[in-house]
Amino acid sequence: MVEEKVKSIIDSLSTSTSENFTDVICLSLAKAIKANFVFIAKLNPERTVATTISLAVDGVINDNFSYDLQATPCENVSQGIMCSQISHVQKAYPDDQLLIDMNITGYVGVPLKNSKGATGAILVALYYQPIENEIEVTSLFMLFSGMIKKEMEKQELIDELRTRNKIIEESSDAIVVCDRDRKITSVNKAFTRITGYSFKEMGGKKPSALGADLHDKYFFKKIWQEIADNGTWSGELWGKKKNGEIFPEYLSINTIYDEDNNVSHYVAFFFDISKQKQAEEKIYRQAHFDLLTGIANRSFFMENLSLTVDSLNDGEKSALLFMDLDLFKEINNVYGHTFGDELLIKASGRLQSLIKSTDIVARVSGDGFAILLNNVISDEVIDNIISRVFLGFSEPFTIHDISIRCTLSMGVVPFSNDKDDASTLIKKAEHAMYHAKNSGRNSFNYFTQDMQNNVQRQLFLKKALSAALTSNSLSVEFQPIVSITEQKVNKFEALVRWKNEGKWISPEEFIPIAEEFSLIKPLGEFVLDEACRQLKILKSQGYTNIVFNVNRSVYEIPLNKSENEQWLTVIEQHSLKPSDICFELTESALAPDKRNNERLFNQLKAAGCTIALDDFGTGYSSLSYLRRIPVDYIKIDKSFIKDMSTNKDDNVLVATIIAMSKSLGKKVVAEGVETKEQLQQLTELGCDYIQGYYFSKPLPSESLVSYLNDFKY
Ligand code: C2E
Ligand code: CA
Ligand code: CA
């Protein structure tokens, strides 16, 4: 009897699939044991709720449902205990409302344990009538519970594999699976998207078919050796797409082992890193190359220069050429910035075409270029290259249909492995270049011993000047400025003085050094402070309307607006008014590239200070600066005054400056007036103030009162 039942169940199962297995077994079990209900239910992890996955009711599969386990016979089963109640099950479980509602009398339930022994599901039979053959029911249940369990586990595994496969399939990385012979057994969608190959085309082939021929065989040998040793490898390499395109990829290969620890599969992940590579390349280019001209930039050049300096062997020689385009600023002003940029691009291109590809040409400043000549055999080679560059630049450039000649000035420093580092070499070359520029442009200068002495003197002065600043050994003299209309002294210009080891050193020499070595701020503070102190003394002597002019270098202009107040604070500390001080600035301080200057000057002006534009005519006087910056006085440079009596051009120029200043509403000061003749001419031209040896040299502070007392126009 039982054998037949078992056989009929097995027969019906033989036609089942993994999808409907639980339905089929519930139906055939119900039939065999004549139960009204047979179901399989999965338990939640807390084992408080059961949810049927197959439910056979009177020979038909019904919809699944969930129920609470508390106080039901199934609660025991979920604890791993088989439970059977041939009749009166409602009496045994009076709180199980479901049993009452369904009108159940007999109950059999068995736990379905997983491989770890935990109950994950239950198999239950329910009867309207008392159970006739309990032994048969329980033994059939016991017999088939093992099979159901196995089938359910298989199903779960399949489901899990399905989700895993789906993840693999949908992954944005290309995934390739190979067997132990490294033949491709499967690929995902991303693989096809990235490489263009379908599985049909690649299945059974070796993945080496996907490589670009850019790596030698040792490269792959090493990779496979590493995989053999460590089970995994990852890194960057070149791949090749179906359309022949070569692309950089990041590849990671992992080994899958079977139970016996033999290689079963290799799984490779890779993705296209062209975009990252492009970004890296862009960053590299931006860091090393000049954006405008595309040639190397200063930092890249310095890096290479350092490397060359360090790697030169005894007896080897290299050379550094430092170049600056002649009159580039003027060209820029006349033709505009776009034109200037075009010229820089063409000039870089021309320089590059004149040197060997192993040498480096770089743009090291606005219109400054440098060339590193690697390993030159003799001085003659350097001279040849220099001639080539000058010959090259004797040809005009054509920009926007304009043909323009642009020459350059060059400083040359040959070097071997002896002493100088890269920045010293650049300084020397720059120095030599300035010599070339000052001796009339379109020429070159080797760095010479004289220049070396000059550099040494600069370093010596820098040291002495910083000592002088801390030991208060600087002083200030004051040169009278005389009003022509009032015929009296109403201003003095404060001029710094320095006696070092008994010798006076000219500010023309030490001010640029102070500027270069960041000593100009303490120096300027000292002069302003001293000027205020002396002015206070003059005022106390009754000279209440005198103004002191104080020079300020462009390098003293605060970069940060929060420091703008400092200039006024010093004046206030001496209980003076801002209108007692006039600041003298050169044109470079008014240039619009100094963002804070406009704000600073407006602030000073608003407080009551006046501003004088110093050395007018020597810079690239741009009238637009004069409109932007609130200048009160224009000081005509002494070089124009010097020759105005003898040189007609200078006379016309001075006349023009005066007329222009008047039309802009500015007062004019003439500097360096030494003769009566100059004074007369300037008076006729309508100049407002005179400063110069004709009236007085700069005076020490103790002579000011007597000078004022004795002054006669
Ligand atoms: P600067 O501002 O143009 O000053 C006028 C210069 O001309 C002074 O030279 C003055 O002594 C000189 N000078 C005055 N009258 C005559 C004259 O009739 N004939 C000739 N040949 N020269 C005359 P100094 O004192 O040697 O100063 C040179 C430059 O140093 C100044 O030119 C100024 O640019 C700078 N300097 C001087 N003191 C200071 C300072 O305290 N701070 C800053 N930043 N620069 C200063
Ligand atoms: Ca001045
Ligand atoms: Ca001046």
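Everything quoted here is computed from the prediction, not taken from an experiment. Note that ligands are numbered from 1 as they come in the structure, with each ligand's atoms numbered from 1 the same way. Throughout, residue positions are numbered sequentially from 1 according to the sequence presented.
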(request) Could you see which bit of I511 sits under 4.0 Å from ligand 1, with heavy atoms only: side chain, backbone, both or neither? (result) side chain
(request) Examine K697 relative to Y693 and say whether NZ or CZ is less than 6.0 Å from the centre of the six-membered ring and inside a 45° cone about the ring axis. (result) yes
(request) Just to the nearest 10 degrees, tell me the angle at the Ca ion (ligand 2) spanned by D614 OD2 and E584 OE1. (result) 90°
(request) Return yes if some donor-acceptor pair links the side-chain N/O of N602 with the main-chain N/O of E598 below 3.5 Å, else return no. (result) yes
(request) Return the option from P507, S696, G672 holding the heavy atom at the smallest distance from atom 30 (O) of ligand 1. (result) P507
(message) Quick one about Q534 and E530 (side-chain donor to acceptor, distance below 3.5 Å, no hydrogens or angles considered), yes or no?
(response) yes
(request) Under 4.0 Å, heavy atoms only, figure out whether ligand 1 is touched by the backbone of Q691, its side chain, both or neither. (result) neither
(message) Can you confirm whether the side chains of N564 and N596 place a donor and an acceptor under 3.5 Å from each other?
(response) yes
(message) Considering both backbone and side-chain atoms of Q479, is one of its nitrogen or oxygen atoms within less than 3.5 Å of a nitrogen or oxygen in ligand 1?
(response) yes
(message) Any heavy atom of E515 closer to ligand 1 than 4.0 angstrom?
(response) no
(request) Please determine, by modelled atom types, if T407 and D326 share a side-chain donor-acceptor pair under 3.5 angstrom. (result) yes
(request) Pick one of side chain, backbone, both or neither for how V550 approaches ligand 1, counting any non-hydrogen atom pair under 4.0 Å. (result) neither
(message) Can you name the atoms of ligand 1, numbered from 1 with element, that are less than 4.0 Å from a heavy atom of P698?
(response) 11 (O)
(message) I'd like to check which ligand 1 atoms, numbered from 1 as shown, lie under 4.0 Å from a non-hydrogen atom of G692.
(response) 15 (N), 18 (O)
(request) Indicate whether the side chain of D341 and that of T338 have a donor and an acceptor atom separated by less than 3.5 Å. (result) no
(message) Restricting to N, O or S atoms, which atom of E493 is closest to the Ca ion (ligand 2)?
(response) OE2
(request) State, without any angle test, whether T448 and D450 hold a side-chain donor-acceptor pair at a distance under 3.5 Å. (result) no
(request) For ligand 1, find out whether one of its N or O atoms is nearer than 3.5 Å to an N or O atom of Y694. (result) no
(request) Kindly write out the residues that satisfy side-chain hydrogen bond (donor to acceptor under 3.5 Å, both in side chains) with N454, not counting sequence neighbours, or none if the list is empty. (result) none
(message) As a test of understanding, state which of K666, K605, K667 forms a salt bridge (charged side-chain N to carboxylate O under 4.0 Å, His left out) with D632.
(response) K605
(message) Out of all atoms in ligand 1, which are within 4.0 Å of some heavy atom of E674? Include the element for each.
(response) 17 (C), 18 (O), 19 (N), 20 (C), 21 (N)
(message) Under 4.0 Å, heavy-atom basis, I'd like to know which part of K638 is in contact with ligand 1: side chain, backbone, both or neither.
(response) side chain
(message) Under the criterion side-chain contact (heavy atoms from CB on, under 4.5 Å), I'd like the reasoning laid out for D614 against E671: C-alpha separation, chi angles, the key distance, then a yes or no.
(response) CA-CA 9 Å; D614 208 353; E671 290 183 326; 2.9 Å; yes
(request) Output the list of atoms in ligand 1 that are nearer than 4.0 Å to some heavy atom of V527, sorted by atom number. (result) 41 (O)
(message) Suppose we only count N/O/S atoms under 3.0 Å; would N549 qualify as near the Ca ion (ligand 2)?
(response) no
(request) May I ask which of L528, L495, L474 has a heavy atom nearer to atom 10 (C) of ligand 1 than the others do? (result) L495
(message) Any N/O/S atom from D615 (main chain or side chain) under 3.0 Å of the Ca ion (ligand 2)?
(response) no
(request) Taking the six-membered ring of F517 (Phe, Tyr or Trp), confirm whether the NZ or CZ of K462 is under 6.0 Å from its centre and within 45° of its axis. (result) yes
(request) Report, in ascending order of atom number, the atoms of ligand 1 lying under 4.0 Å from any heavy atom of R497. (result) 11 (O), 25 (O)
(request) Using heavy-atom distances, let me know which of F526, F510, Y693 sits nearest atom 23 (C) of ligand 1. (result) Y693
(request) May I ask you to list the atoms of ligand 1 that are less than 4.0 angstrom from any heavy atom of D615? (result) 3 (O)
(request) Could you tell me whether the side chains of H431 and N445 share a donor-acceptor contact shorter than 3.5 Å? (result) no
(message) Just to be sure I read this right, does ligand 1 sit under 4.0 Å from the backbone of E477, its side chain, both, or neither, counting only heavy atoms?
(response) neither
(message) Please determine whether a side-chain nitrogen of the Lys or Arg among K427 and E430 lies less than 4.0 Å from a carboxylate oxygen of the Asp or Glu.
(response) no
